Amino acid sequence: MQNDVLTSPEHAEPTHRSRGRPREFDRQAALAAATRLFWIKGYEAASIADLTEAMGIGTKSLYAAFGSKDALYAEALRYYYTTYEGLVWTRFRAASTARDAALAFLQDSAIAMTGGDCDLPHGCMATLAIVGSEGHAELGELMRATRAGGFDLLKARFDRAKSDGDLKATADTTKLARFVQTVQSGMAIRARDGADRDELHAVAEIALSGWDNITGNIDHGMQGKA
């Protein structure tokens, strides 16, 4: 897919628009609209024409305010995280045990991924985002870093559980965090494919139904088998 550029004919401003300073607009509202479109369509499929229509602005205004499509996507991803992260992580942070934290994370992910209480797009923007590496190396790295941030939160919580005696001292928190994150990633795919909330809640409950066996078997003694 070719990069969208300001000088391409199909992205030029309509000839009837007056020259000079682009009209003012609500930048935050435009960013929210772009975030929703990227969330639904992904980076590659969301064209500049799609974005300007959703944001209610012209191409010149988009580039003047955000710099480029890549920069807009990066800002949209940050907006997505800061605006919606509480839907998934609030109960996780307040949970008293590692298992309760993991279950809250998966259950609340199920709610958020199926629209929450405010008609959100289904799925997870960060989990499902696919950005071609050619010409978008920095954006690809941002996506990996964003997903790694979720892993780091899970691992830090499980590390604390080891220190508190809630998890065995031999538990491998890296493998445990990766397991929980992978379950959530699968849930995101199912949500995008139309799975309802009850189905995803069932997935969360089944995934953690053997928590004692999972945490007992995922230990440092398995590292050589990984």
Side-chain angles (χ1 to χ4, degrees), residues 39 42 74 77-78 80-114 116 122-131 133 137-193 195 197-226:
W39 192 342
L77 186 63
R78 288 189 289 270
Y80 166 83
Y81 184 79
T82 58
T83 303
Y84 301 112
E85 64 96 20
L87 298 178
V88 173
W89 295 106
T90 297
R91 287 203 309 135
F92 168 87
R93 292 188 175 103
S96 59
T97 68
R99 185 189 186 282
D100 287 348
L103 185 60
F105 170 69
L106 294 178
Q107 288 179 333
D108 291 349
S109 291
I111 295 171
M113 289 173 182
T114 53
H122 284 206
C124 172
M125 180 177 171
T127 299
L128 299 177
I130 299 175
V131 179
S133 59
E138 291 184 5
L139 203 55
E141 180 57 34
L142 175 62
M143 297 308 308
R144 287 187 289 273
T146 300
R147 288 188 285 264
F151 167 81
D152 290 342
L153 288 173
L154 289 167
K155 185 178 184 303
R157 180 62 184 85
F158 298 151
D159 284 340
R160 179 159 65 87
K162 282 180 66 172
S163 298
D164 295 343
D166 179 35
L167 288 177
K168 292 182 179 180
T170 56
D172 189 325
T173 56
T174 296
K175 288 186 174 71
L176 185 58
R178 192 66 72 200
F179 166 73
V180 174
Q181 185 182 49
T182 301
V183 172
Q184 193 227 28
S185 296
M187 290 167 60
I189 295 171
R190 288 294 303 134
R192 179 59 60 87
D193 287 346
R197 192 168 299 175
D198 288 342
E199 177 184 325
L200 299 186
H201 275 159
V203 169
E205 291 169 4
I206 292 170
L208 299 185
S209 61
W211 179 259
D212 290 340
N213 287 333
I214 292 170
T215 56
N217 291 328
I218 300 180
D219 59 35
H220 291 284
M222 295 180 62
Q223 284 186 346
K225 302 177 183 180

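Since the model is a prediction, treat every value here as computed from it, not as a measurement.
- Under 3.5 Å, the side chains of D166 and T97 contain no donor-acceptor pair of N or O atoms.
- Panel note: side chain T114, backbone I111; a donor-acceptor pair is recorded below 3.5 Å.
- When each of L103, D100, L176 is checked for a side chain to side chain contact (heavy atoms under 4.5 Å, CB included) with W211, only L176 meets the rule.
- Considering only heavy atoms from C-beta on, V183 comes within 4.5 Å of V203 through its side chain.
- Closest heavy-atom contact between T173 and K155: OG1-NZ, 3.5 Å.
- Listed for the R91 side chain is no donor-acceptor partner under 3.5 Å among the backbone atoms of Q107.
- Side chains of Q184 and M113 form a contact here, defined as non-hydrogen atoms less than 4.5 Å apart.
- Summarising the geometry of L87 relative to D108, their closest heavy-atom pair is O-CB, 3.3 Å, with the distance given to 0.1 Å.
- Here the CG atom belonging to D152 is positioned 13.5 Å from the CZ atom belonging to R147, to the nearest 0.5 angstrom.
- K168 places none of its side-chain heavy atoms less than 4.5 Å from the side chain of T215.
- Residue T182 comes nearest to R178 through the heavy atom pair OG1-O, 2.7 Å, listed as atom of the first residue, atom of the second, then distance.
- Counting heavy atoms of neighbouring residues, nucleotides and ligands inside a 6.0 Å radius, atom CD of E138 does not exceed 12 of them.
- The line from OG1 of T174 to CG of L154 is 11.5 Å long, rounded to the nearest 0.5 Å.
- Residues M143 and L77 approach most closely at SD-CD2, 3.4 Å, considering heavy atoms.
- Between R78 and L142, the shortest heavy-atom contact is NH1-CD2, 4.4 Å.
- Nearest heavy atom pair, residue A191 against residue G123, reads CB-N, 3.8 Å.
- For the pair K162 (side chain) and A169 (backbone), a donor-acceptor distance under 3.5 Å is present.
- Aromatic ring orientation, F92 versus W89: perpendicular (interplanar angle above 60°, classes split at 30° and 60°).
- When Y80, W39, Y84 are each tested for a side chain to side chain contact (heavy atoms under 4.5 Å, CB included) with C124, only one passes: Y80.
- The distance from atom OG of S109 to atom NE2 of H201, rounded to the nearest 0.5 Å, is 9.0 Å.
- Counting only heavy atoms from C-beta outward, the side chains of R93 and L153 approach each other to under 4.5 Å.
- Residue E205 holds its CD atom at 10.5 Å from CG of L106, rounded to the nearest 0.5 Å.
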